[in-house]
Amino acid sequence: MPEFDNAAIAAMLDGMGDLLEVAGEDRFRYLSYHKAAHAVRAWPEDLSTLAEEGRLTEIPGVGKKLAVSIGQILETGSFPEYDAVKASFEPTLVRIMDIPGVGPKRARLLYEQLGVKSVDDLETALQQGRLVGLAGFGEKTIDNIASGIESARRHSERILLQDALPLATRLADELRRLPSVERAEPAGSVRRWQETIGDIDIITSSKQPQAVMDEVCKLPMVVRVLGSGGTKTSIMTTAGLQVDVRVVDPAEYGAALQYFTGSKEHNVALRERAKRAGLKVSEYGVFRVSDGERLGGETEDEVYRLLGLPTFPPEIRLGIGEIEAADEGRLPKLLRLQDIRGDLHGHTTSTDSKATLEDNRAKAAELGYDYIAVTDHAFNLRMVKGLEPERIREQWAAVDRLNAEGEGPVILKGIELNIAEDGSVDYDEELLAGFDLCIASLHGGFRDPGEKVTQRLLRAMENPYVDIIGHPTGRILGRRNPMDLDMDAVLRKAGETGTIMEINAYPDRLDLNDTHIRMAKRYGVRFSIGTDAHATEQMNYMPYGVATARRGWLERRDVLNAQPLETVRKWLKRAKVVGRATAGEHRARER
DNA sequence: GCCGTTTTCGGCCCGACTGTTTTCAGTCG
């Protein structure tokens with residue numbers, strides 16, 4: 001019986017919601033499954049624990065019925081209602097709803113009339129001309145579905161934030177320079193610093209909307225104009241990314257920015273709350289329901305203020321309880337980029353980086369850091385010339401020389417250890433004790449059974465010289481799935497042993513992710529945000545790590561490298577071991 | 001299916017576009 005973690009349960013609830021939608025069920029019934037799935041996915045505790053303690057209904061959107069269903073998923077891997085719907089409709093059928101223009105009604109019609117069960121089936125039916133004459137399928141609709149299949153295939157993979165954010169920022173800058181434009185900002189998932197992006201949204205305000213739309217089409221980065229109307233223009237850029245630029249009246253700018261920033265779930269929660277207060281929120285402003293009067297919407301601050309709420313940082317607009325937290329005064333004071341005082345994960349030319357120790361220190365100085373750690377690969381990672389003990393001692397001597405110069409950020413002697421099959425790490429204890437800090441990471445066995453990789457990590461965390469676990473789940477966005485870890489056990493162990501969890505800021509890792517961070521915080525875990533730079537310019541990745549931490553509701557006090565150097569040393573596990581040994585030696589000498 | 005500072009029943013976010021229609025359903029964000 002495979003274990004069902006929160007993500008797996010959420011996926012099953014979403015699947016149920018999709019199938020109920022195709023089945024023509026009541027809208028609110030299938031939405032309740034999606035709503036519960038969203039809450040489950042973000043819930044910071046393992047649902048198996050909640051189930052044991054009978055607390056499943058504490059999750060918003062999970063009532064008596066769904067609590068039973070979730071219990072059944074945990075025990076049997078499914079639940080009867082899901083099995084029943086699956087018997088009537090092919091689970092692959094829901095995938096055709098990913099095609100623009102195909103929703104539940106058309107999906108069902110295609111299934112019942114033509115026996116279409118998948119995207120491939122649909123494409124075949126289309127080529128054979130079998131859609132012609134189907135009720136509600138005119139010529140235009142059929143054309144749109146044909147191009148929809150193509151674009152769904154092309155856009156199935158999402159773009160890394162790293163690729164989307166610079167483009168969105170540059171485009172907003174260019175738009176702001178246009179005489180017709182008053183304000184312009186990226187909205188959507190880019191503004192929320194979501195790890196991957198579907199498409200880019202830019203909001204502009206202007207008194208001459210048509211002029212803005214015309215200018216957008218003429219921008220140098222435009223390859224093709226996909227569509228342009230009075231309020232929205234869609235373009236394909238030279239980088240192959242689709243961008244929607246919207247223009248609104250200056251008085252509506254805040255409401256539009258708020259609305260298009262989302263997330264959808266945040267907006268729904270916001271509107272529900274507004275409604276209870278006799279207000280209505282839309283992309284045009286905030287209105288009083290009783291007389292329809294518009295109360296405001298020129299700025300985002302105004303929108304939130306009218307609702308009696310603070311302006312939420314975009315990163316936490318996820319609809320996972322932030323509004324309730326604000327009402328109860330529980331909103332965190334989020335970590336900021338300027339709180340970061342150093343970077344504790346980075347490599348040099350001694351192993352597989354393009355940068356030298358001096359390069360890294362110079363870059364750290366440029367970034368205004370107080371300290372930096374060199375954490376090259378340890379011996380057992382042979383493919384990148386992991387360091388032998390002699391070369392470590394050479395590096396330490398080099399670090400001592402640079403630190404003795406007394407200029408620039410302090411360099412800490414670190415290492416990125418490899419966690420072996422049995423959970424042990426490189427080197428002997430004496431050498432390990434000589435480092436200022438040790439990161440330990442898994443560099444293989446990513447597809448091993450969950451039990452095995454979990455045990456490896458747990459064992460490593462018991463090691464008193466392992467201060468930090470690097471990129472804990474091993475995922476690489478778009479290329480490698482996270483390991484099948486029991487994250488609840490891992491993060492609990494981190495809390496128990498005082499092992500710091502890394503938030504790897506490398507844009508295709510962002511590992512831990514926001515959900516795991518919230519889970520870990522409940523166990524009192526502390527975090528280190530490291531760029532894992534293999535070239536000096538990659539030290540610029542820190543904002544991606546900070547944004548991930550913010551999405552995980554972290555504050556300055558949760559983060560190791562947001563502390564002064566003395567505190568960094570105190571938080572490391574070795575402060576106890578090495579500190580105790582030193583104190584012991586000291587006492588011995590006194591006798 | 002969930003939920004309650006009007007409610008344990010009757011609601012459940014808001015608006016726009018498109019296409020195929022004669023007043024609106026389906027889809028989307």
Side-chain angles (χ1 to χ4, degrees), chain A residues 13-14 16-17 20-40 56-70 79 81-82 85 96-110 133-145 147-148 151-152 187-189 192 198-201 203 227-232 234 242 244 246 248 252 255-256 258-287 289-290 292 297 303 307-308 319 323-324 327:
Chain A
L13 295 176
D14 272 330
M16 177 71 177
L20 286 179
E21 191 176 1
V22 176
E25 263 291 346
D26 174 64
R27 177 160 158 263
F28 298 107
R29 180 151 178 253
Y30 69 72
L31 280 179
S32 66
Y33 279 91
H34 289 304
K35 198 170 182 179
H38 181 72
V40 163
L56 283 169
T57 51
E58 283 182 16
I59 303 170
V62 175
K64 271 188 188 166
K65 179 73 186 56
L66 278 177
V68 171
S69 299
I70 291 170
F79 56 106
E81 292 84 351
Y82 187 49
V85 189
I96 76 171
M97 291 197 292
D98 294 341
I99 297 164
V102 181
K105 298 291 190 301
R106 287 180 180 144
R108 184 174 184 183
L109 197 75
L110 288 164
L134 218 53
F137 284 73
E139 196 180 336
K140 266 266 172 81
T141 303
I142 292 174
D143 280 354
N144 287 344
I145 289 174
S147 59
S151 91
S189 46
R192 301 197 312 273
D199 57 8
I200 296 174
D201 280 303
I203 309 296
S228 185
T231 61
K232 174 181 154 185
S234 296
Q242 185 179 329
D244 293 345
R246 290 165 204 279
V248 299
E252 297 165 345
Q258 193 287 318
Y259 173 75
F260 286 107
T261 296
S263 68
K264 185 175 153 226
E265 289 82 3
H266 174 82
N267 286 352
V268 169
L270 199 69
R271 287 163 181 211
E272 283 171 352
R273 187 179 180 282
K275 193 167 182 173
R276 285 197 293 275
L279 299 169
K280 185 186 72 166
V281 188
S282 77
E283 56 265 52
Y284 301 108
V286 179
F287 302 83
V289 174
S290 55
V303 171
L307 300 172
I323 292 170
E324 294 79 358
D327 282 336

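Just so we're on the same page: letters track the sequence lines, and every chain starts at 1.
- Between A/Tyr30 and A/His34, the ring planes lie perpendicular to each other; the angle is over 60°, past the 30° to 60° tilted range.
- Between B/dG10 and B/dG15, the distance separating the two P atoms is 26 Å to the nearest Å.
- Within the structure, a side-chain polar atom (N or O) of A/Tyr284 is placed less than 4.0 Å from OP1 or OP2 of B/dA16.
- Taking atom C1' on both B/dG4 and B/dT21, the two are 41 Å apart, rounded to the nearest angstrom.
- Look at NZ on A/Lys140: it is 12 Å from C1' on B/dC17, rounded to the nearest Å.
- Taking atom C1' on both nucleotides, B/dA16 is separated from B/dT8 by 36 Å, rounded to a whole Å.
- Between the CZ atom of A/Phe260 and the P atom of B/dA16 there is a distance of 10 Å, rounded to whole Å.
- Here A/Lys35 does not reach the OP1 or OP2 of B/dC3: none of its side-chain N or O atoms lies under 4.0 Å away.
- At whole-Å resolution of the value, CD1 in A/Ile70 and C1' in B/dC2 are 13 Å apart.
- Within the 4.0 angstrom heavy-atom criterion, only backbone atoms of the sugar-phosphate kind lie near A/Arg106; the bases stay farther away.
- Residue A/Lys280 places at least one side-chain N or O closer than 4.0 Å to OP1 or OP2 of B/dG15.
- Taking every heavy atom of both residues into account, A/Asn267 and A/Gly262 meet most closely at ND2-CA, 3.7 Å.
- At the heavy-atom level, A/Glu265 lies nowhere under 4.0 Å from the strands shown.
- For B/dT5, the O4'-C1' to base torsion is more than 90° from 0; the nucleotide is therefore anti.
- Distance NZ (A/Lys232) to P (B/dC17): 10 Å, rounded to an integer number of Å.
- Not one side-chain nitrogen or oxygen of A/Arg271 sits closer than 4.0 Å to the OP1 or OP2 atom of B/dC13.
- Residue contacts shown for A/Tyr259 include a base, since a base heavy atom lies under 4.0 Å away.
- Mapping A/Met97 and A/Tyr33 onto DNA chain B via the closest heavy atom, the residue that lands nearer the 5' end is A/Tyr33.
- Nucleotide B/dT21 holds its C1' atom 16 Å from the CZ atom of A/Phe137, rounded to whole Å.
- In this structure, the CZ atom of A/Arg27 is 12 Å from the C1' atom of B/dT27, given to the nearest Å.
- At a threshold of 4.0 angstrom between heavy atoms, the contacts of A/Ile99 are confined to the sugar-phosphate backbone, with no base atom among them.
- Taking atom C1' in both B/dC9 and B/dC14, the straight-line distance is 24 Å, to the nearest Å.
- Phosphate proximity of B/dT20 to A/Thr141: present, with a side-chain N or O under 4.0 Å from OP1 or OP2.
- Comparing the C1' positions of B/dT5 and B/dG1 gives an interatomic distance of 24 Å, to the nearest angstrom.
- Applying the 4.0 Å criterion to OP1 and OP2 of B/dT18, one finds that A/Asn144 has every side-chain N and O outside that range.
- The NE2-P distance, from A/His38 to B/dC13, rounds to 14 Å in whole Å.
- Between A/Lys275 and the phosphate of B/dC12, there is a side-chain N or O to OP1/OP2 separation shorter than 4.0 Å.
- Both distances falling under 3.5 Å, in either a Watson-Crick or a G-U wobble arrangement, occur for no nucleotide opposite B/dT8.
- Under the side chain to side chain contact (heavy atoms under 4.5 Å, CB included) test applied with A/Thr141, the options A/Asn144, A/Asp143, A/Ile145 reduce to a single match, A/Ile145.
- If you take atom C1' in B/dC13 and the same atom in B/dG29, they sit 12 Å apart, rounded to whole Å.
- A straight line from CG of A/Asp26 to P of B/dG10 spans 15 Å, rounded to a whole angstrom.
- Mapped onto DNA chain B by nearest heavy atom, A/Gly138 and A/Leu66 fall at different nucleotides, with A/Leu66 at the one closer to the 5' end.
- A gap of 16 Å separates the P atoms of B/dC12 and B/dT7, to the nearest Å.
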